[in-house]
Novice: 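Below you'll find the structure I mean.
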Amino acid sequence: MTYSSLLPIPTGPLQVPVVARDRADGNSQPLKFSLVIPTYNESGNVEKILAQLTHLLDGFIPNDYELILVDDNSPDQTWQVAQALTADYPQLRVMRRQQERGLSSAVIRGWQVARGDILGVIDADLQHPPEVLLKLLQSVLDGADLAVASRHVEGGGVSDWSVVRRFLSRGAQVLGLVVCPAVVGRVTDPMSGYFMVRRSAIGGPHMNPLGYKILLEVIGRGRIGEIAEVGYVFQERESGESKVTWRQYVEYLGHLARLRSRGRIGRLRQRFPIERFIRFGIVGFSGVFVDMAVLYIMSEIFGLGLTRSKIIAGEVAILNNFLWNDAWTFADIAQGQKGWKARLKRLLKFNTICLGGLIMNVLLINFFFNIVFQKNFKYLSNLIAIALVTVWNFWINLKLSWRVTEVKP
Ligand code: GDD
Ligand code: MN
């Protein structure tokens, strides 16, 4: 009995390819449908769900679909059970992840190797009734970008959920509507783990899910136009147990925050390069040590007076910061402005701006100490002044000293 080898595991960003992978049978037509089944300790459910799915899809789109089971190295060897079943289910392909873990990323890794134009996801534990799949598929074939199985539309519901679980599920939804209405408000069951989407609607953007709620990621980062919803009743588990813990609830909050700030952080990043600022800050910090060391050498060893020692120390620190910023913080820009003349120009600008910063520092510390804090909190005033001047130094130097002007094409 031969069974197919495990799927290669994609690495790098969670990004669904815009164009589907080639079909194994050499047919130039892309496969119609790829269904991902994420599993963790589902060895007791695998055979049942595969039999039901294959039966349904063979009747609806024969030879035009694939099942991709993505297992995170389950202790109960779910991946092995599934791999052995590939002999009976030619449409089945199995991925065993050993480095990564998590439902949402498992689904996207599955979509990354998929060959279908329509990408779906269903749980392996038969709590999502497979027969609903055909209605979802039909909705996408009829034009919807996304078709979601919902517990909160006509014909939908949950079988035997405790009041607490119902409250938590609805509570999470309400919280989502407050924090991220543009995403959570687009569907009646944003927590649903049972849906399918057109590849063209999610291909391209980097996904960045957290926890279980892959649907939110699809709506939040995809180009989702028309959405269809089909009612279904969430069934009781036949075998195994839910992997949901309090951790999924915390991850859900983190995911909402991420989605809420998507685009804004991106825009902010474009407007204010945070990573470069952090480097600038680290260099600035090194300058403090240089300043202190030179102040010590000049005043203690060479016996110079405080003011002259401080001026020399300050200048050496500025030189230090310039060299590091030119070689690290703004290396990419400096690369385009080669030659000692250009460098000297940058140094002069940097020096002038930092001296301006020094004056601002003195003004600000006096403002906070004397006016804001009424002659209290000297060191806090100094800290605030340093922080504000660091942003000033960074921004003005970014705009003036390392301005992208003389880069040769
Ligand atoms: N690969 C992988 N990695 N699969 C996982 C992981 C993981 O870390 N954790 C869970 N799974 C698989 C399970 O094996 C199962 O097939 C599916 O993901 C859902 O996990 P459950 O633990 O059974 O979730 P649930 O039943 O409590 O909640 C489900 O239904 C809710 C209502 O629709 C999930 O789909 C939720 O996302 C959904 O909100
Ligand atoms: Mn389940």
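None of the values given here were measured: they were computed from a predicted structure. Just follow the structure's listing: the first ligand is 1, and inside any ligand the first atom is 1.
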Novice: Around atom 8 (O) of ligand 1, find the nearest protein heavy atom and jot down its residue, atom name and distance.
Specialist: R101 NE, 2.7 Å

Novice: Checking Y40 against D76: is there a side-chain donor and acceptor pair closer than 3.5 Å?
Specialist: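 Short answer, no.
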
Novice: Under 4.0 Å, heavy-atom basis, I'd like to know which part of A106 is in contact with ligand 1: side chain, backbone, both or neither.
Specialist: side chain

Novice: If you measure from the Lys or Arg side-chain nitrogens to the Asp or Glu carboxylate oxygens, is any gap between D332 and R276 under 4.0 Å?
Specialist: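 Judged by the 4.0 Å cut-off on N to carboxylate O distance, D332 and R276 do form a salt bridge.
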
Novice: Could you tell me whether ligand 1 has any atom less than 4.0 Å away from a heavy atom of Y232?
Specialist: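 Under 4.0 Å: yes for Y232.
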
Novice: Taking the basic N atoms (NZ, or NE/NH1/NH2) and the acidic carboxylate oxygens, is any pair closer than 4.0 Å for R97 and D72?
Specialist: yes

Novice: What I want to find out is whether E42 reaches R237 closely enough, with some N-O distance under 4.0 Å, to be called a salt bridge.
Specialist: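 Looking at E42 and R237, the cut-off is met.
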
Novice: Under 4.0 Å from ligand 1, counting heavy atoms only, is it the side chain of Y194, its backbone, both or neither?
Specialist: neither

Novice: Under 4.0 Å from any heavy atom of Q127, which atoms of ligand 1 are there?
Specialist: 23 (O), 26 (O)

Novice: Which residue and atom name correspond to the protein heavy atom nearest atom 29 (C) of ligand 1, and how close is it?
Specialist: D123 OD2, 3.2 Å

Novice: Give the atoms of ligand 1, by number and element, whose distance to some non-hydrogen atom of A124 is under 4.0 Å.
Specialist: 16 (O)

Novice: Between the side chains of N321 and N325, is a donor N or O closer than 3.5 angstrom to an acceptor N or O?
Specialist: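 The answer is no; no qualifying pair exists.
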
Novice: Give the residue, atom name and distance (to 0.1 Å) of the protein heavy atom nearest atom 22 (O) of ligand 1.
Specialist: K243 N, 2.6 Å

Novice: Closest non-hydrogen protein atom to atom 20 (O) of ligand 1, residue and atom name please, with distance?
Specialist: Y212 OH, 3.5 Å

Novice: Are there more than 12 heavy atoms of other residues, nucleotides or ligands under 6.0 Å from atom CH2 of W392?
Specialist: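 Atom CH2 in W392 is not crowded, with 12 or fewer foreign heavy atoms closer than 6.0 Å.
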
Novice: Check contact between K213 and ligand 1, using heavy atoms of the residue and a distance below 4.0 angstrom.
Specialist: yes

Novice: Residue-level breakdown please: for E42 versus ligand 1, do any non-hydrogen atoms fall below 4.0 Å on the side chain, on the backbone, on both, or on neither?
Specialist: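 Only the side chain of E42 comes within reach of ligand 1.
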
Novice: If you take the nearest heavy atom of each of L103, I122, V244, which one is closest to atom 18 (O) of ligand 1?
Specialist: L103

Novice: Are there over 12 heavy-atom neighbours, none belonging to F285, within less than 6.0 Å of that residue's CZ?
Specialist: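 Atom CZ in F285 is not packed in, count stays at 12 or less.
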
Novice: Any carboxylate oxygen within less than 4.0 angstrom of a Lys/Arg side-chain nitrogen, looking at R198 and E226?
Specialist: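 Looking at R198 and E226, the cut-off is not met.
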
Novice: Could you check V294 against I312 for side chain to side chain contact (heavy atoms under 4.5 Å, CB included), going step by step and ending with a plain yes or no?
Specialist: CA-CA 8 Å; V294 176; I312 296 170; 4.1 Å; yes

Novice: Are the side chain of R186 and the backbone of I224 linked by a donor-acceptor contact shorter than 3.5 Å?
Specialist: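 Yes, the answer is positive, given that a donor and an acceptor are paired below the 3.5 Å cut-off.
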
Novice: I need the contact type for W79 against ligand 1. Using non-hydrogen atoms and a strict under-4.0 Å cut-off, is it side chain, backbone, both or neither?
Specialist: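 For W79, no heavy atom sits under 4.0 Å from ligand 1.
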
Novice: Do the side chain of N366 and the main chain of V362 share a donor and acceptor less than 3.5 angstrom apart?
Specialist: yes

Novice: Please indicate whether R247 has more than 12 foreign heavy atoms, meaning atoms of other residues, nucleotides or ligands, lying under 6.0 Å from its CZ.
Specialist: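 Open.
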
Novice: Please work out, at 4.0 Å between heavy atoms, whether the side chain, the backbone, both, or neither of R97 comes within that distance of ligand 1.
Specialist: neither

Novice: Are the side chain of Q112 and the backbone N or O of P13 linked by a donor-acceptor pair below 3.5 Å?
Specialist: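 Flag set: sc Q112 to bb P13 pair under 3.5 Å.
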
Novice: Just to confirm my output: which protein heavy-atom neighbour is closest to atom 6 (C) of ligand 1, and how far is it?
Specialist: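 Scanning the protein heavy atoms, the shortest distance from atom 6 (C) of ligand 1 goes to Y40 CB, 3.8 Å.
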
Novice: So, Q173 versus D189: side-chain donor-acceptor pair below 3.5 Å or not?
Specialist: no

Novice: Hey, does R237 come in under 3.5 Å of ligand 1, counting only N/O atoms on both sides?
Specialist: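 Yes, since at least one N or O of R237 sits under 3.5 Å from an N or O of ligand 1.
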
Novice: For atom CD of E47, decide whether the heavy atoms of other residues, nucleotides or ligands shown that lie under 6.0 angstrom number more than 12.
Specialist: no

Novice: Nearest to atom 39 (O) of ligand 1, what protein heavy atom do you find, and at what distance?
Specialist: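 Nearest protein contact, heavy atoms only, for atom 39 (O) of ligand 1 is M191 O, 2.4 Å.
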
Novice: Which is it for I37 and ligand 1 at heavy atoms under 4.0 Å: side chain, backbone, both or neither?
Specialist: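 It is neither part, as no heavy atom is under 4.0 Å.
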
Novice: Mark up the atoms of ligand 1 that fall under 4.0 Å of a heavy atom belonging to V70, in ascending order.
Specialist: 1 (N)

Novice: What protein heavy atom sits nearest atom 3 (N) of ligand 1, and how far away is it?
Specialist: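 Of every protein heavy atom, D72 OD2, 2.7 Å lies nearest to atom 3 (N) of ligand 1.
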
Novice: What atoms of ligand 1 come within less than 4.0 Å of a heavy atom belonging to G102?
Specialist: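 Heavy-atom distances to G102 below 4.0 Å select 3 (N), 7 (C), 8 (O).
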
Novice: Quick one: do M207 and I202 satisfy side chain to side chain contact (heavy atoms under 4.5 Å, CB included)? Show the steps, please.
Specialist: CA-CA 9 Å; M207 301 271 173; I202 55 164; 3.9 Å; yes

Novice: I'd like to verify the contacts: list protein N, O or S atoms under a distance of 2.8 Å from the Mn ion (ligand 2).
Specialist: D125 OD2, Q127 OE1

Novice: Nearest protein heavy atom to atom 27 (O) of ligand 1, by residue and atom, and its distance?
Specialist: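 Ranked first by proximity to atom 27 (O) of ligand 1 is S242 OG, 2.7 Å.
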
Novice: Run the contact test for E241 against ligand 1 with a 4.0 Å cut-off on heavy atoms, strictly below, and give the result.
Specialist: no

Novice: Going by atom types alone, do T188 and S150 pair a side-chain donor with an acceptor below 3.5 Å?
Specialist: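 Yes.
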
Novice: Give yes if a backbone or side-chain nitrogen or oxygen of F234 is under 3.5 Å from a nitrogen or oxygen of ligand 1, and no if not.
Specialist: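 Between F234 and ligand 1, no N or O pair is found under 3.5 Å apart.
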
Novice: Check whether any N or O atom of D71, backbone or side chain, sits under 3.5 Å from an N or O atom of ligand 1, and answer yes or no.
Specialist: no

Novice: Indicate whether the side chain of Q248 and that of T245 have a donor and an acceptor atom separated by less than 3.5 Å.
Specialist: yes

